[in-house]
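One structure is given below, encoded as structure tokens.
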Number of protein chains: 2
Amino acid sequence: MKVCSRDVARAAGVSPATVSLVMNGRTHIALSESTRARVRDAAERLGYRPNQVARNLLTGRTRTLGLLLPSLASSFVARIADGVQREAGDRDQHVLLAHTRRDPAFEQRQIEMLLQHQVEGLVIVASEETLPSLESRLDVLEQAGVPCVVIDDHTHVDRVDCVVSDDRQGAEAAVAHLIHAGHRRIAHWGAGDATSSARDRLGGYRTALRRARIPFSASLVLGDSFRSAPAPEVVRQWLARRNPPTALFAANDRHLAECLPVFRDLRIRIPEDLALVGYANYDFAAYLDLTSVDQDPTALGKAATRRLLDRIASPRMKPSRMDLPTRLVVRGSSTVVPIPVPAPCPAP
Amino acid sequence: MKVCSRDVARAAGVSPATVSLVMNGRTHIALSESTRARVRDAAERLGYRPNQVARNLLTGRTRTLGLLLPSLASSFVARIADGVQREAGDRDQHVLLAHTRRDPAFEQRQIEMLLQHQVEGLVIVASEETLPSLESRLDVLEQAGVPCVVIDDHTHVDRVDCVVSDDRQGAEAAVAHLIHAGHRRIAHWGAGDATSSARDRLGGYRTALRRARIPFSASLVLGDSFRSAPAPEVVRQWLARRNPPTALFAANDRHLAECLPVFRDLRIRIPEDLALVGYANYDFAAYLDLTSVDQDPTALGKAATRRLLDRIASPRMKPSRMDLPTRLVVRGSSTVVPIPVPAPCPAP
DNA sequence: TTGTATGCGTTATCAT
DNA sequence: ATGATAACGCATACAA
């Protein structure tokens, strides 16, 4: 059934070694054009396909990268994965997929699996749930001599390459934009302090305030996680305070999207009563006319993959952190000036 | 550097064969508890990790499935991929990722790559761009003896397993819903006839009309592709006709989302002047309060993977088509009855 | 210019 | 209960 190089060799009247030479296009070895043609012909005729598994075993190289992510159900993660795959494809690498299910125990087994498959490097997309155990995962990888790059968190830059969005800059631009529009009481719905993104977005928020000489007030900061928005009841109570904010900078578009109905219920007009700026620029942000900080997840994936391949090539480099620029996309939720043309919609 | 079974064997004072027996937990072979412990100990101490590549070569099995998709940038595709990965993980299979970039030539190379890696089956997520060449891809796979399952198109059910959403039923439910709300002039923005989904959605539309004894009018049907919405100008002209539709059933939520600004410009009120129903139930559909037909892409991925593994287990089964049920999610874009509670937002 | 021999790390078969 | 050996399919060094 399965045809191997020996079969081709027999059919072409040559030895398996010759078949190998022909198939791998080793040009610096002289081969008569006639043999070459005979071999190619036989291979074609028999439908010969070199067995990568055998090749990998022999050469000790797999040209395969592991991609470990929390879940492809998140479109942000999926777009990172798209970037990884594009770059890997361009550099002639293969991608073995693994997910953590946001469960540290499952993650550990998946890493084990990837290592057994002899991946030559690992792209890890960080998540809130598995961040606490990341350090011990790095131990395992270091032990195994398999380099890796972490996307979307730089907590461990001291020992591993990190590729992140420049969240301080992004958050600062967002809040500066609100300040520029005249706001002084600006709230922040953050995501706690477990992830560097959450910390950096809070940091950028504070920097922007400081630059404008607006005092920071802890009572204007809310939120513990990227994955759960404030409950409607909390929002209600929070906005019913004596001195409510006139603007809101959220660490995630989704938080805003989920709260829009609550705002409507409360007769809070956007942006007149409350200006909104979100983060990530999900495609629904355009549809909802939400101002947002765009992150380019595809670029994150590509950059991380490039970095990983560079490190595989030269393992001794010092771990570095790469901050990809963000871009504030101003829409109707933060400015009363009408947008002349409907925002262009990203390709699906 | 890399520790192999021979190293463990030496350290434990046994032979490599014994190490293999211990590591694979072959219980039906008697092994003294003391050797077992010695081996486990040595393996632990040395950080031994069995080499899957070698194992695969020897056993001729890889327990690896190829996942071929157009691009992870589409959240629909990504959620299918999530389902594939979940099911594969549950059934102890690995996933090698490949994308077509919506380019038939690139797709061909990727399939070649997957076959060389000895994947035992292939999950193919169909796309408009690569559908024309699918048939010849199936030839290659059949030749290679590698089974596959196609998700999201059933054009080739006669020779390959297909897993799709029940689009006729979904479309029919959507249009019946509009008819039930009193509409008689219902337009359809479709996606041409290249894909079975587009044809089926049109079919369901026609069925619902027929059931209600509403004559079909070709002038109410527009659209050629899932990936490009009607341009704003086209929408304008189309709605400026003498006898405009009072309701619109679109084959894709995105088409609706992109046209909402146009409707607003034209002072067309939703749903009073024009009721809208979309398809796919993207997360933005909830935020935009769009009625939509939910497809559960994760279930598509899971079902396809199950089917593929079944076929690998028993290759002689007749190819089958599996239609997963859809579910109409009624929201404010198609009914004037206010929704009492804000639509729950899907987890990100 | 081409063929032969060897080994990659593992497991299955047989022998002890 | 454990060890020796062969084989999986291929690429490389070296011989011819």
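From a predicted model like this one, the values you see are computed outputs, not experimental measurements. Every chain is numbered from 1, with letters handed out A, B, ... down the list of sequences.
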Open item on the list: Check this for me, if you would: do E142(A) and R159(A) make a salt bridge, where the nitrogen-to-carboxylate-oxygen distance has to be below 4.0 angstrom?
Closed with: yes
Task: 5' priority, DNA chain D, between Q52(A) and R38(B) [closest heavy atom] - done: R38(B)
Open item on the list: Using OP1 and OP2 only, check whether a side-chain N or O of T18(A) sits under 4.0 Å from dT2(C).
Closed with: no
TODO: Would you confirm whether S196(B), through its side chain, and H154(B), through its main-chain N or O, come within 3.5 Å as a donor-acceptor pair?
DONE: yes
Task: S165(B) side, atom OG; F76(B) side, atom CZ - distance, nearest 0.5 Å - done: 5.5 Å
- [ ] May I have the distance from L58(A) (atom CG) to dC8(C) (atom C1'), rounded to whole angstrom?
- [x] 6 Å
Open item on the list: Check the phosphate of dT2(D) against S15(B), side-chain N and O only, distance under 4.0 Å to OP1 or OP2. Yes or no?
Closed with: no
Open item on the list: Of the listed nucleotides (dT11(C), dC10(D), dG9(C)), which one gets closest to any side-chain atom of R55(A)?
Closed with: dC10(D)
Task: Residue whose nearest DNA chain D nucleotide is more 5′ - P16(B) or T59(B) - done: P16(B)
Give me, pair by pair, the N or O atoms of the protein and of nucleotides 13-16 of chain D that are less than 3.5 Å apart, along with how far apart they are.
none

Task: Presence of N24(B) side-chain N/O under 4.0 Å of dT11(C) phosphate oxygens OP1/OP2 - done: yes
- [ ] May I ask you to evaluate whether S5(B) reaches the phosphate of dT10(C), defined as a side-chain N or O under 4.0 Å from OP1 or OP2?
- [x] yes
- [ ] Looking only at side-chain atoms of C4(A), point me to the closest of dG9(D), dT10(C), dA11(D).
- [x] dG9(D)
TODO: May I ask you to evaluate whether N51(A) reaches the phosphate of dC8(D), defined as a side-chain N or O under 4.0 Å from OP1 or OP2?
DONE: no
Task: For atom CD of Q116(A) and atom C1' of dT10(C), their distance in whole Å - done: 12 Å
TODO: May I ask you to say what V14(B) touches in the nucleic acid, namely base, sugar-phosphate or nothing, with a heavy-atom cut-off under 4.0 Å?
DONE: sugar-phosphate
Task: side chain to side chain donor-acceptor pair (under 3.5 Å) against E120(A), all qualifying residues, sequence neighbours excluded - done: R61(A)
